[in-house]
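Here the structure comes first, spelled out in structure tokens, and everything after it is commentary.
Every heavy atom of this structure was used, including side-chain atoms; hydrogens, water molecules and symmetry mates were not. Keep in mind it's a predicted model, so treat the numbers as computed, not measured.
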Amino acid sequence: MTQTDTRQLVEEIDRLKREKRAVILGHNYQIPEVQDIVDYLGDSLELSRIAAGTDAEVIVFCGVHFMAETAKLLSPEKTVLLPDKDAGCPMADMVDPEALRKFKQEHPGAPVVAYVNTSAATKAESDICCTSANAVEIVQSLDAEEVIFIPDHHLAGWVQEHTETRMIAWQGYCPTHIRISPQAISQAKDKYPDAAVIVHPETPAEVRKLADAVLSTGGMVRYARETDAKDIILGTEYGMAYRLQNENPDKTFYTIQAAVCPNMKKITLPKVAEALQKMQYPIEIPEDIAARARGTVERMLQASG
Ligand code: 13P
Ligand code: SF4
């Protein structure tokens, strides 16, 4: 796309946004051109709070399917559009309601904590939701001896390091974050010995051990702002560096190039424009599922400070 094409597309998106009374939300891993046009950029927790509070009539969600679904759960009367209907999260697809029901029978009495990276149907079978920003806080809020944690066993492992509650972990994982190896982090540390290392809790334990901080993507934004370190190695999806570099021009961010989430990259400017023109692709959740899944997400928002 030429610069003129991009400028025209951005103007068209802006016009459509006003015409449809829409707000555009984007996750921190979105491609740069999309990050540049969103009204709000954030992590899963921040974006779900914005979705719950907006007075726009339409929410265009630049992210993956479970994020748009969560926005729809919290703003059921609004039209929520996902500009690419195939932008999913493979980790969210690693558990489904039927398999979860069976797992619950094997562990009777243990409450189910569902990472927000799950479908609405799976959330409907769960007791409370969490994100990477509040997982420890949510598990502790339950005051239970043991909890079933789905679907990410690396995040469950991270929570286990911070709580007495026994974590019964579903064996899912993020295909993007498991591509970050301890060797890659060590090599980056050898190259930039003064750098701070920050990683996402979806990374494996051997990677987290090498980090100065384990953070949600929103936590990374705050950390980068506040740290005195001038070099920062990022153990998360590489798109995160764009926002961090923009907001902290005096610091340098180093990414692990193998860590790409292809689904996050599916949203493009032409697809955002088309989403607003054709009002596609609206998120629909059957009401019996939505009512139960909404409770799971709302319990998280109530329990999380
Ligand atoms: P955050 O909530 O930390 O932004 O993470 C979402 C996600 O999908 C990470 O892979
Ligand atoms: Fe899912 Fe991993 Fe992509 Fe996040 S980075 S959306 S967990 S596949």
Side-chain angles (χ1 to χ4, degrees), residues 26-36 38 40-47 62-64 89-91 115 117 131-136 152-162 173-267:
H27 186 264
N28 289 320
Y29 297 159
Q30 289 291 290
I31 62 171
E33 305 87 281
V34 170
Q35 291 203 24
D36 286 345
V38 300
Y40 298 96
L41 198 56
D43 70 10
S44 311
L45 184 61
E46 292 160 349
L47 294 175
C62 301
V64 291
C89 168
M91 171 158 68
Y115 191 21
N117 301 39
T131 75
S132 62
N134 61 17
V136 173
D152 186 12
H153 76 96
H154 293 299
L155 179 58
W158 160 244
V159 175
Q160 188 65 87
E161 289 165 26
H162 294 84
Y173 58 90
C174 164
T176 300
H177 281 86
I178 62 154
R179 299 186 70 168
I180 300 170
S181 66
Q183 292 81 358
I185 299 284
S186 297
Q187 274 167 14
K189 274 176 83 159
D190 288 346
K191 222 165 155 187
Y192 310 105
D194 295 330
V197 178
I198 56 177
V199 308
H200 197 273
E202 290 173 13
T203 54
E206 316 84 73
V207 172
R208 298 196 305 267
K209 269 192 209 121
L210 300 173
D212 294 295
V214 178
L215 299 161
S216 71
T217 64
M220 290 179 183
V221 169
R222 287 183 289 281
Y223 183 99
R225 199 179 296 145
E226 288 158 17
T227 182
D228 291 331
K230 290 287 174 210
D231 290 327
I232 300 169
I233 298 165
L234 294 176
T236 193
E237 211 275 342
Y238 87 109
M240 187 72 219
Y242 179 70
R243 173 174 182 182
L244 296 179
Q245 196 62 75
N246 265 345
E247 293 182 2
N248 305 277
D250 58 326
K251 297 174 183 166
T252 311
F253 297 88
Y254 301 97
T255 55
I256 306 297
Q257 289 298 312
V260 183
C261 175
N263 284 284
M264 282 284 182
K265 309 304 180 207
K266 285 184 176 158
I267 312 294

Next on the checklist: Contact between L45 and N134 at the side-chain level, heavy atoms closer than 4.5 Å - yes or no?
Outcome noted: yes
With a 3.5 Å distance limit and no angle check, can you tell me whether [X] reaches the backbone of [Y] through a side-chain donor-acceptor pair?
{"X": "Q245", "Y": "K251", "result": "yes"}
{"X": "R208", "Y": "V199", "result": "no"}
{"X": "Q30", "Y": "M264", "result": "yes"}
{"X": "K266", "Y": "G63", "result": "no"}
{"X": "E247", "Y": "V221", "result": "no"}

Nearest heavy atoms of [X] and [Y], plus distance in Å:
{"X": "L47", "Y": "G26", "result": "CD1-O, 3.4 Å"}
{"X": "A195", "Y": "D212", "result": "O-OD2, 4.2 Å"}
{"X": "L41", "Y": "Q35", "result": "CD2-OE1, 3.3 Å"}
{"X": "V207", "Y": "S181", "result": "CG2-C, 3.8 Å"}
{"X": "L244", "Y": "A224", "result": "CD2-CB, 3.9 Å"}
{"X": "V260", "Y": "T176", "result": "O-OG1, 3.1 Å"}

State the [atom1]-[atom2] distance between [X] and [Y], to the nearest 0.5 angstrom.
{"X": "D152", "Y": "I178", "atom1": "CG", "atom2": "CD1", "value": "10.0 Å"}
{"X": "Q257", "Y": "R179", "atom1": "CD", "atom2": "CZ", "value": "11.0 Å"}
{"X": "Q183", "Y": "E206", "atom1": "CD", "atom2": "CD", "value": "9.0 Å"}
{"X": "L155", "Y": "N117", "atom1": "CG", "atom2": "CG", "value": "8.5 Å"}
{"X": "N248", "Y": "F253", "atom1": "CG", "atom2": "CZ", "value": "4.5 Å"}
{"X": "I232", "Y": "T252", "atom1": "CD1", "atom2": "OG1", "value": "8.5 Å"}

Checklist entry - For D228, does the CG atom have more than 12 heavy-atom neighbours from other residues, nucleotides or ligands under 6.0 Å away? => result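 Result for CG/D228: open.
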Item to check | Verdict with reasoning, E33 to Y242, per side chain to side chain donor-acceptor pair (under 3.5 Å) | outcome: CA-CA 10 Å; E33 305 87 281; Y242 179 70; over 6 Å; no
Next on the checklist: Any salt bridge linking E237 with K265? Criterion: basic side-chain nitrogen under 4.0 Å from a carboxylate oxygen.
Outcome noted: yes
Next on the checklist: Salt bridge check, K230 against D194: does any charged N sit closer than 4.0 Å to a carboxylate O?
Outcome noted: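 The answer is no: the pair does not qualify as a salt bridge.
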Checklist entry - Step by step, would you call L234 with I256 a side chain to side chain contact (heavy atoms under 4.5 Å, CB included)? => result CA-CA 7 Å; L234 294 176; I256 306 297; over 6 Å; no
Next on the checklist: Any donor-acceptor pair under 3.5 Å linking the side-chain atoms of N263 with those of Y29?
Outcome noted: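 Side chains of Y29 and N263: no pair found under 3.5 Å.
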Next on the checklist: Regarding D43 and T217, do their side chains bring together a donor and an acceptor under 3.5 Å, going by distance alone?
Outcome noted: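 Judged by distance alone, the side chains do not pair up.
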Item to check | Steps toward side chain to side chain contact (heavy atoms under 4.5 Å, CB included) verdict (S132, Y115) | outcome: CA-CA 8 Å; S132 62; Y115 191 21; 3.7 Å; yes
Checklist entry - What ring pair (Phe, Tyr, Trp, His ring centres under 6.0 Å) pairs are there with at least one residue in residues 192-224, not counting sequence neighbours? => result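 Listed by first then second residue: H177-H200, Y192-Y254.
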Checklist entry - Are H162 and W158 an aromatic pair by the rule of ring centers under 6.0 Å? => result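 Between W158 and H162, which both carry aromatic rings, the centre distance is below 6.0 Å.
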